[in-house]
Amino acid sequence: DTIPLKHGAHRIDKRTDSVMAKWRGYGLGQFIHWGLYAIPGGEWNGKTYNGAAEWIRSWNGIPKSTYDSLIYKFNPTKFNPESWAKTAKQMGAKYVTITTKHHDGFCLWPSKYTKYTVANSPYKKDIIGPLVNAYNKEGIDVILYFSIMDWNQPGWRYEIKTKEDSIAFEGFKKFTRNQLLELLNKYPTAKGLWFDGTWDKSWVKQAAFADELEKEMRALRPGLIIGSRFRPDDFGKRHNDSNGRLMGDYEQGWERKIPNKIEDVHGNDWDCVMTVPENQWGYNKAWNGHIKTVNELIEMTAKCVSLGGNFVLNFGPKGDGSIRKEEIDLAAGIGNWMRVNNEAIYNCQYAGLEKQDWGYFTGKTGSNKVYMIIFNVPVSGAFRVKLPAKTSITTASLLEQPNTTLKVEEISENQYFIHTSARADNKPFVIVLDLNKKAGNASGTY
Ligand SMILES: C[C@@H]1N[C@@H](c2cn(-c3ccccc3)nn2)[C@H](O)[C@@H]1O
C-alpha cells in the first residue's frame with residue numbers, strides 16, 4: 001500500500017504526449033558546460049586544481065572573491081553559436097542541454113534578478129538567446145540546464161538552521177522562481193529544463209514550493225519536459241518519491257554512468273550525461289587520465305538507446321568561446337558513423353530481445369524493424385539472435401548496404417545465426433532485421 005503524499009509523483013508510467021515521444025526518439029544529444037570556470041580552465045597561478053574544472057571556486061587554492069571577479073574577464077571573442085550548432089549537427093545530436101547558470105551563479109543570459117550576468121561583463125550581450133536560435137536553426141532542440149544551488153546568492157543556504165536562515169532562504173526561493181519564469185518567457189522554444197544542485201538539506205525540505213513551481217512552469221509552457229532532479233517529495237526523497245515513483249518526466253540519475261540491464265531503468269524515460277575525460281564538465285586545460293574514443297562513445301550511444309534512453313555527450317568550450325580540437329574531432333568521428341547508421345539510433349527503443357555478446361539490439365518505434373549494432377565480431381563470424389515465440393526473421397541485411405540480404409540460419413526454435421562476410425575495418429556496423437511482427441519489449445510497447 002502506498003504512502004499518502006501531497007508532493008510525490010503526479011504521474012505513473014511514461015508520458016504519452018508527442019513532445020515527450022520526440023524527446024524519447026532523440027537518441028543522441030550534446031551537453032554544453034560553459035561559464036566563468038572556463039577562463040581558469042582548472043588552473044590558477046600555475047597550480048592545477050585536481051577536481052572538476054567547473055568546481056574550481058570550491059577549491060581553497062583560489063579566494064572566492066577572486067573567482068567571482070572573473071566576471072570582469074568574460075569576453076569570449078571567439079564565441080560563434082552558429083559554428084557550435086553546426087558541430088552538433090554534424091555529430092548527429094538531436095538536442096542540446098546548455099548551462100544557463102551553473103553552481104557559481106553566473107548567468108549566461110541578462111537576468112533582471114541579479115547583477116551577476118553577462119550584461120555586467122565586458123562581453124555585455126546575451127549568450128543563451130543566440131545559442132537557442134542557432135541550434136533551433138539547425139533543427140536541434142534546446143534543453144536549459146539550471147543549477148538551483150547558487151554560490152553567488154546571499155540567500156542560498158546548504159541547511160536552514162536559524163530563523164535568519166529561513167528568512168534568507170525564502171528570498172532565495174523567490175529569486176529562483178523569478179529566474180526560472182524569466183528563462184521560460186525569454187526562450188519560449190526551449191523544450192525543457194535539466195536541473196542540478198538540488199541535493200542539499202535546504203532544498204530537500206522545499207517539497208511544497210518546488211511542487212507549486214513545477215506546476216506553474218508546466219502551466220506557462222505546456223509540454224515542458226522536466227527531469228527527476230528538480231524536486232523532493234514530502235519526506236525529502238528525490239528522483240523517486242517515497243512510493244518509488246519517478247518525480248519528473250525522465251530519470252536524471254545517470255550522470256557519468258550507464259544502466260547495465262533493462263531492469264535498471266524501471267520502465268522510465270532517462271538520459272545519460274557523459275564527460276569525455278573521467279570527470280570534467282567545464283573546460284580543463286589538462287585533460288588527464290582516460291579520454292574516451294569515438295568507438296567508445298558510439299558504443300555508449302548504442303547501449304543507451306538499446307535500453308530506452310538518450311546519450312548526451314558533454315562539450316566544455318574554452319573561455320574565449322572556441323571549442324577544443326579534441327572535441328571537434330570526436331564530434332566529426334561520431335558524425336561519420338551516425339551519417340551512415342543513424343536509422344538504428346533515432347526513434348529507436350529497447351527491442352525486448354535477449355542481449356547477445358556481439359553488441360546491442362535497438363527497435364524502431366512502432367515497427368517490426370530491429371537493429372543489431374555490432375561491436376564484437378564472434379570468431380565464428382555468426383551473430384546469434386534469440387526471438388520470442390512466434391516471432392521470426394523475414395529478412396536480414398546490412399544497414400550500410402540495404403539491398404544485400406544476409407544468410408539467416410535457423411539453429412533451433414526461435415534461435416538464428418546471421419552470417420556476414422569478414423569486414424575490412426574494425427568499426428561498429430549495423431545489421432537490420434525485418435521481423436514478422438513487433439518483437440515487443442519488457443513493458444510490451446514501444
Ligand atoms: C552535470 C554535472 N553535475 C555537477 C556535479 C554535481 N556534483 C556533485 C558532487 C558531490 C555531491 C553532489 C553532487 N558533481 N558534479 C557537475 O558540475 C556537472 O554540472
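All ligand and atom numbering here is 1-based and tracks the order in the structure. Keep in mind that the numbers below use all heavy atoms, side chains included, and drop hydrogens, waters and symmetry copies. The structure displayed is predicted, hence computed values, not measured ones.
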Practice task
Find all atoms of ligand 1 within a distance of less than 4.0 Å from any non-hydrogen atom belonging to Glu54, and give their numbers and elements.
Solution key: 16 (C), 17 (O)

Problem - Exercise check, heavy-atom protein proximity under 4.0 Å to atom 5 (C) of ligand 1 - result: yes

Exercise for the section: Any chance you could lay out the salt bridge (charged side-chain N to carboxylate O under 4.0 Å, His left out) test for Lys325 and Asp329, step after step, and finish with the verdict? Expected result: CA-CA 6 Å; Lys325 184 177 180 325; Asp329 294 349; 2.4 Å; yes

Exercise for the section: Kindly confirm or rule out an N or O of Glu255 lying under 3.5 angstrom from an N or O of ligand 1. Expected result: yes

Practice task
Output yes when the distance from some N or O of ligand 1 to some N or O of Trp199 is under 3.5 Å, and no in every other case.
Solution key: no

Practice task
Using distance alone, decide if ligand 1 has a nitrogen or oxygen within less than 3.5 Å of any nitrogen or oxygen in Arg229.
Solution key: no

Completion exercise
min-distance protein heavy atom vs atom 7 (N) of ligand 1 -> Trp55 CZ2, 3.7 Å

Handout entry: Salt bridge present between Arg157 and Asp165 (N-O < 4.0 angstrom)
Key = yes

Problem - Under 3.5 Å: N/O of Trp281 near N/O of ligand 1 - result: no

Exercise for the section: Find the distance between CZ (Arg15) and OH (Tyr250) and round it off to the nearest 0.5 Å. Expected result: 10.5 Å

Exercise for the section: Hey, can you tell me if Trp194 and Tyr145 have their rings parallel, tilted or perpendicular (30° and 60° cut-offs)? Expected result: parallel

Practice task
Please check atom 10 (C) of ligand 1 for a protein heavy-atom neighbour under 4.0 Å.
Solution key: no

Practice task
Please determine, by modelled atom types, if Glu182 and Trp109 share a side-chain donor-acceptor pair under 3.5 angstrom.
Solution key: yes

Exercise for the section: Check each of Gln252, Arg238, Arg229 against Thr198 using the side-chain hydrogen bond (donor to acceptor under 3.5 Å, both in side chains) test, and report the only one that passes. Expected result: Arg238

Completion exercise
Nearest non-hydrogen protein atom to atom 3 (N) of ligand 1, with distance, is Asp196 OD2, 2.7 Å

Practice task
Quick one: sort the Trp203 and Phe230 rings into parallel, tilted or perpendicular, breaks at 30° and 60°.
Solution key: tilted

